[in-house]
Amino acid sequence: MVNFASSTTTTVEAQKQSTPPKLTSSITRKDPTNRLEGSQNIYRWLDGKRADDGAEGLWRIHDTLYDLSDFIGKHPGGKSWLKVTKGTDITEAFETHHIGGKAERMLPLFKVRSASQPRHVRLTFHKDGFYRTLKRKVAVKLKDLDFSPVRRSEQIMDALLATTFGLAFLANIMGSYAIAAVCALFVCWTMICAHNFFHKKDNWRMLFYNLALLSYREMRVAHAMSHHLYPNSILDLEISFYEPWLSWMPLSSKNLLQRYASWGYGLVVYFVSFANEFLKRIWISLTTDQRTFYLDDLINLTIPFFMYVTGTRSLWEVLLMWVFIELFASFCYAVVGISAAHQHPEAVHYGDLILEDVDFGIYQVSAIVDRSDTKGSQFKVLTSFGDHCLHHMFPTLDHGLLPQLYPTFLETCAEFEVEYRERPWWHMFFAQYKQLARVDPITYLPGRKTK
């Protein structure tokens, strides 16, 4: 089982060992480049990775460099994944996005040379470690899965999208802000459901993550490539975006305002988080040579456009109601996302102590406290980031398939003496405030079998 204790405590098993385990408070060998330079965004984050990862302008997987330039147009998942990651270490993304062995067998065709420096990230993928063992079992399990829930996910997504526009129409013609509030909730649910689709190969449903002011392109970096692979670490942009206003790291440098006043002003942050990211994209496009807007970003405007052309209200009245929908959708999204799985005082964050060569899968379990009350409902899972731990392990699999993998996952957890934790929503909601206040580090040590 896993031991949670103060930073000076170790498990009984560890004390019995002749040499104590090597512990670290960070999964990176040094603070990431650009980490403290102004407001965090995906472009600054990617530049930092290119400076730290030792990929030498190529693509790094484990300790080998590959030139995938000629494969970009042939990549089954779409061109963008490879284009945006050139010059970085994509080890974690490669491992989690390719369950079978086909992609690994192709790699020698693109090999250039061995990397000249150690990996910046300490996460490991030993052949007989937790994650590789789980992945082998899942690869076998996939052959016998019932894939009909994938269609159910698509139907839920389509129903959410249609309901969103139906409510927008009713709110507009009736002038009802109460209906607009319900519409905002459905905007939130539609975007969270669309997140299930932007993890996959390019498809039209992923576009509706842009229904409010966010961009699925940016979230593929901030969420899929940053948060998913390095949750609760200083490489996790979904934590960095909220700093310094919401400081989730258990650091002694946190002041009283960050620890306790954030319980109140955090609600304001929730309301403006969508608008903040949208304005940030505008600022970056005006002050740098980065391209931050694309044709599909016009989806941001589909709701107000639809309300205007299908109703009789003035443009000003439509815009006011749209702003209300955006603000309330932003609030709902933040409430759901922040209480989904990570911001809990038992979840490992940067500053807590973990094994120096911690297995990727064990690290994921350590950083996640799953929600128990979404289990068994595909609708709840798709609209609340449910089945979070398994989704982090295998992000390209549809959420509808994940329940069938629990027996295999729990069997592997038992084999490696790793505790899988889950709590109800109300517990997770209040736990986030304890995490904001937490400054004392914990130590996370799984069972002795770590390789």
- [ ] Report the relative orientation of the aromatic rings in Phe293 and Phe278; use parallel for angles under 30°, tilted for 30 to 60°, perpendicular for over 60°.
- [x] perpendicular
- [ ] Scan side-chain atoms only and decide if Glu218 and Tyr43 contain a donor-acceptor pair under the 3.5 Å cut-off.
- [x] yes
- [ ] Side-chain contact test, heavy atoms from C-beta onward, threshold under 4.5 Å: evaluate it for Gln258 versus Leu436 and give yes or no.
- [x] no
Task: CD on Gln290 to CZ on Arg281, rounded to 0.5 Å - done: 13.5 Å
- [ ] Keeping the roles fixed (side chain from Ser233, backbone from Leu235), state whether a donor-acceptor pair exists under 3.5 Å.
- [x] yes
Task: 4.5 Å side-chain heavy-atom contact, Phe186 and Leu211 - done: no
Open item on the list: When you compare the side chains of Tyr350 and Asp236, does any donor N or O come within less than 3.5 Å of an acceptor on the partner?
Closed with: no
- [ ] Would you name the heavy atoms of Pro21 and Leu355 that are closest together and state the gap between them?
- [x] CB-CD2, 3.6 Å
TODO: Count the heavy atoms belonging to other residues, nucleotides or ligands that lie under 6.0 Å from CZ of Arg132, then report whether that count exceeds 12.
DONE: yes
Task: Side-chain donor/acceptor of Ser25 to backbone N/O of Gly351, under 3.5 Å - done: no
TODO: Mark yes or no for whether Arg220, through its side chain, and Met225, through its backbone, hold a donor-acceptor pair below 3.5 Å.
DONE: no
- [ ] For the residue pair Asp370 and Tyr420, confirm or rule out a side-chain donor-acceptor distance under 3.5 Å.
- [x] yes
Task: Centroid-centroid distance, Tyr216 to Phe198, less than 6.0 Å - done: no
- [ ] Inspect the contact between Arg50 and Asp47 and indicate whether a charged nitrogen and a carboxylate oxygen are less than 4.0 angstrom apart.
- [x] yes
Task: Main-chain N/O of Leu82 paired to Trp59 side chain as donor or acceptor, under 3.5 Å - done: yes
- [ ] Check the surroundings of atom NZ in Lys375: do more than 12 heavy atoms from other residues, nucleotides or ligands lie under 6.0 Å from it?
- [x] yes
TODO: In plain terms, say whether Arg35 and Asp52 are close enough for a salt bridge, that is, a side-chain N and a carboxylate O under 4.0 Å apart.
DONE: no
Open item on the list: Run the ring pair (Phe, Tyr, Trp, His ring centres under 6.0 Å) test on His342 and Trp248 for me, step by step, so that the C-alpha distance in whole Å, both residues' side-chain angles and the decisive distance to 0.1 Å come before the verdict.
Closed with: CA-CA 10 Å; His342 296 283; Trp248 304 109; over 10 Å; no
TODO: Find out whether Thr24 and Ile354 are in side-chain contact, i.e. whether some heavy atom of one side chain is under 4.5 Å from a heavy atom of the other.
DONE: yes
Open item on the list: So that I can tick it off, tell me whether Asp202 and Lys79 are bridged by a salt bridge, with the cut-off set at under 4.0 angstrom between side-chain N and carboxylate O.
Closed with: no
Open item on the list: Is it the case that atom CH2 in Trp263 sees more than 12 heavy atoms from other parts of the structure closer than 6.0 Å?
Closed with: yes
Open item on the list: To the nearest 0.5 Å, what is the distance between CE on Met249 and CD1 on Ile239?
Closed with: 4.0 Å
Open item on the list: Using a 3.5 Å distance criterion without hydrogens, assess whether the side chain of His120 forms a donor-acceptor pair with backbone atoms of Lys30.
Closed with: yes
Open item on the list: Which label fits Trp45 and Tyr230: parallel for a plane angle under 30°, tilted from 30 to 60°, or perpendicular past 60°?
Closed with: tilted
Open item on the list: Tell me if a side-chain donor or acceptor on Arg152 pairs with a main-chain N or O of Phe379 at a distance below 3.5 Å.
Closed with: no
Task: Exam field: side chain Arg122 to backbone Ile27, donor-acceptor pair closer than 3.5 Å - done: no
Task: More than 12 heavy atoms from other groups under 6.0 Å of NZ on Lys22 - done: no
Open item on the list: I need the Leu23 CG to Glu356 CD distance, nearest 0.5 Å.
Closed with: 8.5 Å
Open item on the list: Counting only heavy atoms not in Trp204 (residues, nucleotides, ligands), do more than 12 fall under 6.0 Å from its CH2?
Closed with: yes
- [ ] Look at the side chain of Asp373 and the backbone N and O of Pro424, then say whether any donor-acceptor pair between them is shorter than 3.5 Å.
- [x] no
Open item on the list: Side chains of Glu238 and His223 only: does a donor on one sit below 3.5 Å from an acceptor on the other?
Closed with: yes
Open item on the list: I'd like to know if Lys137 and Glu415 make a salt bridge, using a cut-off of under 4.0 Å between side-chain N and carboxylate O.
Closed with: yes
Open item on the list: I'd like to check Lys74 versus Phe71 (side-chain heavy atoms, cut-off strictly below 4.5 Å). Are they in contact?
Closed with: yes
TODO: Step through the shown structure and confirm whether more than 12 heavy atoms of other residues, nucleotides or ligands are within 6.0 Å of NZ on Lys200.
DONE: yes
Open item on the list: A side-chain contact here means heavy atoms from C-beta on lying under 4.5 Å apart; do Tyr270 and Cys332 qualify?
Closed with: no
TODO: Give a yes or no on this: more than 12 heavy atoms of other residues, nucleotides or ligands lie within 6.0 Å of atom CZ of Phe430.
DONE: no
TODO: Evaluate the side-chain hydrogen bond (donor to acceptor under 3.5 Å, both in side chains) criterion for residues Tyr444 and Glu419: first the C-alpha distance (whole Å), next the side-chain angles of each, then the deciding distance (0.1 Å), finally the verdict.
DONE: CA-CA 11 Å; Tyr444 183 94; Glu419 181 185 11; over 6 Å; no
Open item on the list: Distance check, rounded to the nearest 0.5 Å: Leu382 atom CG versus Glu154 atom CD?
Closed with: 11.0 Å
Open item on the list: For Thr374 and Ser384, which I'm curious about, is there any donor-acceptor pair between the side chains at under 3.5 Å?
Closed with: no
- [ ] Please say whether more than 12 non-hydrogen atoms of neighbouring residues, nucleotides or ligands are located less than 6.0 Å from NZ in Lys86.
- [x] no
Task: Minimum-distance pair of heavy atoms, taken over all atoms of Gly400 and Gln378 - done: CA-NE2, 3.6 Å
Open item on the list: To check you understand the geometry: which heavy-atom pair defines the closest contact between Met428 and His344, and what is its length?
Closed with: SD-CD2, 3.7 Å
- [ ] Would you please say whether a donor-acceptor pair under 3.5 Å links the side chains of His62 and Glu95?
- [x] yes
Task: Side chains of Val140 and Thr408 in contact at under 4.5 Å (non-hydrogen atoms) - done: no
TODO: Report the C-alpha separation of Ile90 and Arg60 in whole Å, then their side-chain angles, then the decisive distance to 0.1 Å, and conclude whether the side chain to side chain contact (heavy atoms under 4.5 Å, CB included) test is met.
DONE: CA-CA 6 Å; Ile90 60 170; Arg60 178 173 183 161; over 6 Å; no
Open item on the list: To the nearest 0.5 Å, what is the distance between SG on Cys193 and CZ on Phe385?
Closed with: 10.5 Å
- [ ] State whether Arg217 and Asp296 are salt-bridged, where the test is any N-O pair (Lys NZ or Arg NE/NH1/NH2 against Asp/Glu carboxylate O) under 4.0 Å.
- [x] yes
TODO: Write down the atom of Gln435, the atom of Pro345, and the distance for their closest heavy-atom approach.
DONE: OE1-CA, 3.1 Å
- [ ] Any chance you could lay out the side chain to side chain contact (heavy atoms under 4.5 Å, CB included) test for Thr91 and Val121, step after step, and finish with the verdict?
- [x] CA-CA 10 Å; Thr91 300; Val121 175; over 6 Å; no
Open item on the list: If you compare all heavy atoms of Cys188 against all heavy atoms of Ala329, which two are closest, and at what distance to 0.1 Å?
Closed with: CB-O, 4.0 Å
Task: Electrostatic pair Arg151-Asp398, nearest N-O below 4.0 angstrom - done: no
Task: Min side-chain heavy-atom separation Leu298-Thr302 under 4.5 Å - done: no
Open item on the list: Please check: side-chain N/O of Tyr363 versus main-chain N/O of Pro231, any donor-acceptor pairing under 3.5 Å?
Closed with: yes
- [ ] Please report the shortest heavy-atom distance between Asp89 and Lys49, naming the atom on each side.
- [x] O-NZ, 3.6 Å
TODO: Check whether any side-chain heavy atom of Val365 lies under 4.5 Å from a side-chain heavy atom of His392, and answer yes or no.
DONE: no
Open item on the list: Nearest 0.5 Å, please: how far is CD in Glu92 from CD in Gln364?
Closed with: 9.0 Å
TODO: List the steps, then state whether side-chain hydrogen bond (donor to acceptor under 3.5 Å, both in side chains) holds for His391 with His228.
DONE: CA-CA 9 Å; His391 175 55; His228 253 254; 3.2 Å; yes
Open item on the list: Looking at Ser226 and Leu237, would you say the former's side chain and the latter's main chain have a donor-acceptor pair under 3.5 Å?
Closed with: yes
